[in-house]
Each structure stands twice: as structure tokens, then as C-alpha cells.
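Just so it is clear, the values below take in all heavy atoms, side chains as well, and ignore hydrogens, waters and symmetry mates. Every number for a ligand or one of its atoms is a count from 1 in the order of the listing.
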Amino acid sequence: MAKAKTLSFIAALLLAGGASFAQSLKDTPYIPTEENLQARKEFQDNKFGIFIHWGIYSMVGHGEWYMNNRNIPRDEYATLAEGFYPSKFDAKEWVSAIKASGAKYITITSRHHDGFSMFGTKLSDYNIVDGTPFGRDILKELSEECRRQGIKLHFYYSHLDWYRDDYPVGNSGRGVGRPTNRQNWESYYEFMNGQLKELLTGYGPVGAIWFDGIWDDKSRDWKLEEQYEMIHSLQPSCLIGNNHHVAPYRGEDFQMFERDLPGENSAGFSSGQDISVLPLETCQTMNGSWGYNIEDRNYKSAEALIQFLVKAAGKNANLLLNIGPQPNGELPALALQRLSEIGAWMEKNGDTIYGTRGGDVAPHSWGVSTRKGNRLFIHILDYEDTRLFLPMQAKVVKAAKYADGSPIQFTQDKEGVILKLPEVPSGVDYIVELSLK
Ligand code: GLC
């Protein structure tokens with residue numbers, strides 16, 4: 001149907017004459033296909049995903065920016081690949097542990113800024129199949145396992161590259177010894193599009209492509225629209241998001257926020273970004289690092305992570321929670337522990353999160369609300385009183401404590417509802433379910 005709409009629009013343009021055809025087409029709004037709109041809805045319903053930052057940098061144990069931060073000569077850095085043998089990697093174990101956390105999708109780095117491909121690309125030998133003694137395509141193993149276990153797979157893809165000769169100099173990766181006389185944007189662009197084509201044709205249905213890195217050169221025309229069109233033509237339901245830290249560009253299907261909830265800017269990445277009408281996703285680390293950091297044991301508590309997920313849902317956003325796997329192929333023990341703690345909570349309370357949208361009561365310092373049909377869930381995260389005023393218009397017919405279904409008294413007038421809680425709320429999330437008329 002959407003295709004038909006686009007076609008008749010193009011026909012109308014042709015008939016109308018006027019400005020050049022290509023120009024007119026560029027000015028038209030992006031019309032997502034029906035499959036794409038459906039995928040956006042499912043994405044929003046899923047609410048919770050796990051981010052995986054994994055590459056040969058895990059061997060050094062200081063995160064994925066190490067090569068740049070310490071100006072490691074790229075040829076020396078590349079020798080890490082020759083020793084990369086994650087003997088304990090087991091896609092089934094990863095996917096099972098992640099699924100048990102209640103997460104509904106996995107977003108994994110297919111190629112990060114260091115330029116090393118974690119899949120069997122034919123376009124460069126610098127990849128996990130051809131460039132390591134391990135020789136296995138972990139993305140393929142994961143994609144098959146994800147399909148078996150019914151969980152979606154998304155690919156992170158870096159627009160910038162500290163390894164290749166043809167990637168033009170940007171703001172980062174300047175001290176890693178790449179030659180400066182072989183830069184060739186056209187060749188690099190072709191390489192990226194070729195890799196994206198491989199990812200979208202060889203790994204089953206891809207839930208999303210998660211781009212990152214165009215902030216490396218803000219003056220460049222990255223030719224995103226053409227790239228996005230290619231992705232959508234290969235897999236119309238594949239969502240596109242880009243971590244460019246500004247409001248979404250044409251052709252993108254969701255908006256992302258790095259280390260902050262939509263509307264907040266404590267990490268300093270989101271000052272230039274208003275909240276759009278697209279599905280929203282916020283990404284956050286479990287400790288303080290994306291890629292494996294052997295020193296970083298500063299994991300957030302399970303309570304803090306659950307509350308972050310609940311707040312994201314209350315702000316109508318998904319949470320993409322990161323883990324940096326160890327060089328031996330295992331997820332760190334603390335990360336596994338957090339997954340199972342979150343899973344235990346989701347098992348009991350997931351119904352107040354999955355399939356919801358930000359609720360009628362705007363986020364407050366005490367907590368947030370989520371809504372699904374006529375059910376409005378009040379998530380009280382931090383409150384030290386038994387009377388709680390909820391500014392809202394919808395008519396409430398019943399209020400109950402979600403944990404045990406016991407009724408909760410309330411009064412309502414045109415300003416809103418006052419809950420008379422039987423106790424001062426405690427625990428990670430004291431949930432009250434309101435049934436709406
Ligand atoms: C930043 C970093 C990158 C990380 C990403 C995750 O853009 O460059 O290392 O992958 O954030 O949000």
C-alpha cells in the first residue's frame with residue numbers, strides 16, 4: 001500500500017512537471033512501508049534489548065576506544081586478531097542468558113571504530129573468520145541461535161574506521177599511523193554499502209541497523225539517504241537508527257539517546273536533540289564501559305538498572321542495556337548476575353512494561369506511568385508518603401496494588417486522582433494498576 005502511495009506520488013510529480021524529478025523526490029517526506037511501520041510497533045512493544053560491544057579490543061581489556069586513546073599503531077593493534085581465540089564463546093549460552101533477562105532483542109557490534117569486522121565479510125580479510133585462529137563467524141552463529149530462540153538481532157555498524165587506508169581522516173584515530181595519501185571516500189562508501197549488503201542478505205532478518213560515528217566528520221556529506229534506501233530495499237522491515245546525537249534524519253526509523261533518558265542530558269551527548277515522534281531508544285552501560293574493561297567492576301545495582309528500564313518505559317522509550325563480553329567469549333559473571341536479577345523482576349512485572357507506551361501521568365520525581373489499553377500502571381520508584389496526587393483526566397474505575405491485586409482507595413476530581421496507599425511505598429518499584437473507563 002505504501003509502495004502504491006509512493007508510486008502515485010511519483011506519477012503526480014511527473015505529470016506536474018516543474019522542478020527536476022530527482023530534486024523533487026529528495027524533498028518528499030520519507031514514507032515507511034507497512035512492514036516497516038509494523039516493525040516499529042513491535043520494536044516499541046519489546047521495550048528492552050541487550051547491547052553487545054565485542055571485538056578484538058576485548059583482549060586488551062580497556063574498552064573499544066583503546067586504539068585511539070593510546071595511539072596504538074594500527075598494524076600493531078591488528079596483531080591482536082592473530083591471537084583472538086574466544087574458546088568459550090557459545091551463542092546458545094549468550095542468547096539463553098539474555099532471553100532469561102526478559103530482553104527481546106540483541107544489538108551487537110558488527111564492526112566498531114577499530115575497523116575489525118566481527119563477521120565473515122568478503123570485502124576485507126580483517127575479520128573474525130579470515131583474520132583470527134578462531135575462524136568462526138560469531139554473527140552467523142548468533143543469528144541462527146536468535147532465530148531458534150525467537151529473539152531479534154540488530155547490528156551496530158560504525159561509519160568511521162581507524163584501520164582502513166581509504167577512510168578519510170576524521171577527528172578521531174589520527175595517531176594510529178594510517179597513511180594519509182590513500183584516502184578515498186568513494187571507495188570507503190562502496191565498502192560500507194557492500195558490508196551492509198552482506199549483513200542484510202546473509203544473516204536472516206535483521207531487526208535494525210544501529211549506526212554510529214558520523215560525528216567524526218560533521219562537515220562530510222555521508223550520503224545517508226542512499227545508504228538508508230539500500231537497506232530498506234533489501235529488508236523493508238529493518239529499522240534504521242543513527243547515534244548522531246541530533247534529531248532524526250530522513251529515512252531513520254527510530255531515535256536514540258546515548259546514556260540518557262529522552263529529554264535529559266547528564267552525559268552531554270543529547271544537547272542538540274529534541275524528542276521526535278519516532279520510536280525512542282536509550283542505551284546505557286551496566287558498569288561504566290561499552291567494550292570489556294577488565295578494571296571496571298563498578299556495576300550499577302540491579303535495582304538501579306530496573307528503575308532505569310521502568311523510567312525509560314515511562315518516557316516512551318526502549319532500554320538497550322550494554323554488556324562487554326570477555327576475550328574468552330563469555331559474558332562477565334557480574335553481567336550474567338544482573339541479567340538474571342532483571343529477569344526475575346520482569347517475570348513478575350513485565351506485563352506493566354511490554355507493549356506499553358508512556359502513560360497519562362507525565363514522569364515525576366516519584367516515578368512514571370505506563371499504559372496498555374485501559375490499564376494504566378503507576379510505577380512509584382521513590383516516594384515517602386501514603387497520599388499520591390496523579391494529574392490526569394481519564395476516568396479511573398478501579399485501583400489495585402499490582403503485586404497482589406488488593407484494592408487501593410482513591411478519589412478523583414477534574415484535576416486528577418489522589419491515591420490513598422495502604423503503606424509507604426517500598427521496593428524497587430511499587431506498582432499500582434488503574435483500570436480506566
Ligand atoms: C559512542 C562511542 C562508542 C559506543 C557508542 C555506544 O558513540 O563512540 O564507542 O559504541 O557510543 O552508544
Side-chain angles (χ1 to χ4, degrees), residues 48-72 77 103 105-119 139 154-163 167 170-176 192 199 208-218 220 222 224 239-249 252 254-262 264-273 279-294 296 300 305 308-309 312 317-325 335:
F48 178 35
I50 292 294
F51 212 171
I52 300 274
H53 274 73
W54 201 31
I56 52 176
Y57 46 76
S58 63
M59 297 175 79
V60 185
H62 283 98
E64 76 289 355
W65 271 72
Y66 188 78
M67 176 185 183
N68 169 84
N69 295 352
R70 302 300 285 263
N71 290 329
I72 312 294
Y77 181 90
Y105 60 97
I106 297 173
T107 306
I108 184 164
T109 45
S110 60
R111 176 174 139 278
H112 206 272
H113 309 332
D114 68 351
F116 186 78
S117 298
M118 292 295 277
F119 64 104
L139 292 199
H154 300 186
F155 293 133
Y156 169 108
Y157 191 83
S158 173
H159 268 119
L160 75 91
D161 192 302
W162 298 326
Y163 177 80
Y167 177 69
N171 289 318
S172 65
R174 287 174 170 237
V176 301
M192 285 196 293
L199 290 169
I209 299 286
W210 204 105
F211 283 114
D212 189 22
I214 62 169
W215 32 256
D216 197 41
D217 184 354
K218 290 189 176 155
R220 169 169 302 286
W222 289 84
L224 296 177
L239 304 183
I240 296 174
N242 193 326
N243 191 31
H244 45 45
H245 305 142
V246 293
Y249 295 148
E252 293 173 5
F254 67 103
Q255 181 178 11
M256 52 179 81
F257 299 81
E258 183 172 341
R259 290 183 191 265
D260 261 310
L261 295 171
E264 297 175 0
N265 186 28
S266 62
F269 295 116
S270 294
S271 63
Q273 95 166 309
L280 312 175
E281 183 192 66
T282 181
C283 59
Q284 183 56 285
T285 50
M286 267 196 195
N287 48 11
S289 317
W290 298 109
Y292 180 60
N293 186 327
I294 198 163
D296 184 356
K300 297 168 186 78
L305 294 172
F308 198 73
L309 169 61
N318 290 13
L319 171 63
L320 182 62
L321 182 61
N322 183 73
I323 298 175

message = Keeping N293 on the side-chain end and G63 on the backbone end, is there a donor-acceptor pair under 3.5 Å?
response = no

request  = Check F254, Y105, W210 against H154 for a ring pair (Phe, Tyr, Trp, His ring centres under 6.0 Å) and give me the one that passes.
outcome  = Y105

message = I'd like to check the salt bridge (Lys or Arg N to Asp or Glu O under 4.0 Å) partners of R220; sequence neighbours left out, ordered by chain and number.
response = D217

ask   = Among Y77, W65, Y167, Y66, which residue meets the ring pair (Phe, Tyr, Trp, His ring centres under 6.0 Å) test with W162?
value = W65

task = Using the test ring-ring contact (aromatic ring centres under 6.0 Å, His included), find all partners of F48 that sit at least two apart in sequence or belong to another chain.
result = none

key: Neighbouring protein residues of ligand 1 - any heavy atom closer than 4.0 Å   = H53, E64, W65, H112, H113, Y156, W210, D212, W215, N243, E258, C283, W290

message = Could you work out, with ring-ring contact (aromatic ring centres under 6.0 Å, His included) as the rule, every residue matching H53, not counting sequence neighbours?
response = F51, H112, Y156, W290

